[in-house]
Amino acid sequence: METLKLSPSNSLPLPQQPVSLQTLPFSLLQSCKTQEEVLKVHAFSLRTGTFHHPFISSRFLALYARPQVNNLDYARSVFQLIHKPDLVSWNVLLKCYVENQRSHDAVSLFYELVHDFTPDVFTLPSVIKGCARLNAIQEGKQVHGMVLKIGCGLDKYVQSSLVSMYSKCGEISSARKVFEQIGVKDLVLCNSLIDGYARCGEVEFALQVFDEMPERDLFSWTALVDGFSKCGRIELARDIFDRMPSRNMVSWNALINGYMKSGGFVIARQLFDEMPTRDIITWNSMIAGYEFNGRFMDALYLFLTLLKEGPVPNHTTLVAVLAAVSGLAILGKGKWIHSLMVKSGVEPEGVLGTSLINMYSKCGSVESALTVFRSISRKKLGHWDAIIVGLGMHGMANHAIGLFSEMRRCGLKPHAITFLGVLNACSHAGLVDLGRQYFNMMVRKNGIVPAVEHYASLIDILCRAGNLEEAKDITESMPMQPNKNIWMSLLSGSRNFGNVKIGEYAAQRLIEVAPDTIGCYVMLSDMYAAAGKWDKVSWVREMMRKRRIQNDLGSSCIEQRHAS
DNA sequence: CTAGGGTTAG
């Protein structure tokens, strides 16, 4: 803060002489519209020594927290300079945390605040909103209890945020209950409930509240469009959208997301081309939507268009386009996006770090994945998961297992995906005993209920090592239906170790689960050939002809380099 | 010495 430069301003009437408090008038503080202007007055106030006046510093806090500026880092640092912050300052900072998607920290801040103050009608809506963002229904209910205890239940801001919180957390009946107890139901309150009904697919109720309310605004209409889109009722969402008296960007974006979610990427594109203006969320919806639909090339092309003619990409954009590049496995493009990030100073923290690690692993460069992993200073569980899965994918079992141990030494608890990564690593490296050991550790020590993928991995490990009986036993004792991959593992193990009996069994079950699996017939015939059972070989070939099963044409793709 | 802070949609 001390290094801020005091630049002469044309727009602001800064006094030239050393001043007392009177010469830094309230109106000057209030007149700041942009962060730049706040910084100028801030610098000036530091130079004249007025900044540390308790009244002034709390004003600066509010200025940095204003929606037009919304600079959490500055707000936080100003807050720390305030000697004894009053409740208003706490409230301002709390709101700023929530608005900057730091709801977790906001809730912690709230617990801290409660030590010194009784929260008031300004504190509660912010923390309730934070709980809603986090989907933290337990904490939300605690705060609700506090609302009743303190006696803030009649405040309409508190009421709306509570209804909205229950709506977003999927507790629509609780939302309704709170709603019903309220005497005068205003527009915002109704909108919150409409949103709740729409997003859980309660079409009738949503429309009923909508029809019965005295007046409707853009929020009411858009809550319907968005909610119906979210629960997959895209035709209904379209119908509402077409009937809207006016629309804004949020309404268009909601509909685009709805089409993307239900596979309608062509219509989504039409809407995208048709809409009057687009913001970064529109672009992100399209890029992520293409990626979600497996249209990786479209996602990448749209990202290129965005760079040429759109607004500045953000973290969400990068996560989506990196996922698309991973799907395409084009290392060159991935590196290029990474270099864009480095050039613009974007740190690979959080989800973005995970995306980069995944991208490099899937594009075949574990070395780069490791470099990214090591460069992340505050490693989260997701980063460990990604690198362990990546190393496992590349058969670097020892490295994966080493990192797995290191991760546990750091005090992080591995979860289902981490174990899947380790198991896959064991399978690639043929580490039977370790694989079994990790599987048991997962179940017994970590209390994780294995998913079908975990069983698939364990069975694959056993089959590769020739423990076919043990693998077959597991297929019979596991609590869910074995899938195609599991029978393929068992069949391929049987072929490799010449166990015709188990092989036939696996093939039979495989055909029941997935009759079109070509590999099944190929492997079966290989197995018979290896065992010298030529009559069975021709029987399999005959069956393939009868069922019109043909080998896929082989295909591969190469990356083309453009001079740029 | 004051006044300042909060709710619903992508």
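First the proteins, then the strands, lettered A, B, ... as listed; each starts at 1. The figures that follow rest on heavy atoms only: side chains count, while hydrogens, waters and symmetry mates do not.
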Worksheet entry | Below 4.0 Å: OP1/OP2 of dT8(B) and any side-chain N or O of Lys156(A) |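 No, because none of the side-chain N or O atoms of Lys156(A) sits under 4.0 Å from OP1 or OP2 of dT8(B).
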Discussion item. Using OP1 and OP2 only, check whether a side-chain N or O of Lys129(A) sits under 4.0 Å from dT8(B).
Written reply: yes
Whether the side chain of [X] and the base of [N] hold a donor-acceptor pair under 3.5 Å is what I'd like checked.
| X | N | result |
| --- | --- | --- |
| Asn248(A) | dG10(B) | no |
| Ser160(A) | dT7(B) | yes |
| Asp120(A) | dG5(B) | yes |

Worksheet item: Could you walk me through whether Asn314(A) and Thr317(A) pass the side chain to side chain donor-acceptor pair (under 3.5 Å) check?
Response: CA-CA 5 Å; Asn314(A) 60 19; Thr317(A) 326; 2.9 Å; yes
Worksheet item: Taking only residues two or more places apart in sequence, or in another chain, which ones meet Ala206(A) in a side-chain contact (heavy atoms from CB on, under 4.5 Å)?
Response: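 Checked Ala206(A) against side-chain contact (heavy atoms from CB on, under 4.5 Å); matches are Tyr197(A), Ala198(A), Leu224(A), Phe228(A).
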Worksheet entry | Residue list, side-chain contact (heavy atoms from CB on, under 4.5 Å) with Val351(A), at least two apart or on another chain | Val319(A), Ser355(A)
Once salt bridge (charged side-chain N to carboxylate O under 4.0 Å, His left out) is applied, do any residues pair with [X], and if so which ones, sequence neighbours excluded?
| X | answer |
| --- | --- |
| Lys141(A) | Glu171(A) |
| Asp385(A) | none |
| Arg133(A) | none |
| Glu274(A) | none |

Worksheet item: Regarding Lys185(A) and the six-membered ring of Phe179(A), is the cationic atom NZ or CZ under 6.0 Å from the ring centre and inside 45° of its axis?
Response: yes
Worksheet entry | Centroid-centroid distance, Phe272(A) to Trp252(A), less than 6.0 Å | no
Rounding to an integer number of Å, can you tell me how far [X] [atom1] sits from [N] [atom2]?
| X | N | atom1 | atom2 | value |
| --- | --- | --- | --- | --- |
| Met275(A) | dG10(B) | CE | P | 15 Å |
| Lys230(A) | dT8(B) | NZ | P | 14 Å |
| Phe241(A) | dG10(B) | CZ | C1' | 12 Å |
| Arg133(A) | dT7(B) | CZ | P | 10 Å |
| Gln159(A) | dT7(B) | CD | P | 15 Å |
| Leu224(A) | dA9(B) | CG | P | 13 Å |
| Met249(A) | dA9(B) | CE | P | 17 Å |
| Phe117(A) | dG4(B) | CZ | C1' | 14 Å |

Which part of the nucleic acid, if any, lies within contact of [X], taking any heavy atom under 4.0 Å across all strands shown: a base, the sugar-phosphate backbone alone, or nothing?
| X | answer |
| --- | --- |
| Asp86(A) | base |
| Val88(A) | base |
| Lys95(A) | sugar-phosphate |

Fill in: Within residues 104-131 of chain A or reaching into it, pairs that qualify as salt bridge (charged side-chain N to carboxylate O under 4.0 Å, His left out) - sequence neighbours excluded
Glu99(A)-Lys129(A), Arg102(A)-Asp105(A)
Contacts to DNA chain B from [range], heavy-atom cutoff under 4.0 Å, which residues?
| range | value |
| --- | --- |
| residues 197-213 of chain A | Arg199(A) |
| residues 250-270 of chain A | Val250(A), Asn253(A), Asn257(A) |
| residues 170-194 of chain A | Val188(A), Asn191(A), Ser192(A) |

Just list the side-chain donor-acceptor pairs under 3.5 Å for residues 83-90 of chain A, sequence neighbours left out, or say none.
from     : atom 1 : to       : atom 2 : distance (Å)
Asp86(A) : OD1    : Ser89(A) : N      : 3.1
Asp86(A) : OD1    : Ser89(A) : OG     : 3.0

Item to complete: Compare the aromatic ring of Phe219(A) with the six-membered base ring of dT8(B) and state whether they stack according to the 5.5 Å and 30° rule.
Response: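 The ring of Phe219(A) is stacked on dT8(B).
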Worksheet item: Which pairs with one or both residues in residues 298-309 of chain A pass side chain to side chain donor-acceptor pair (under 3.5 Å), sequence neighbours excluded?
Response: Arg295(A)-Asp298(A)
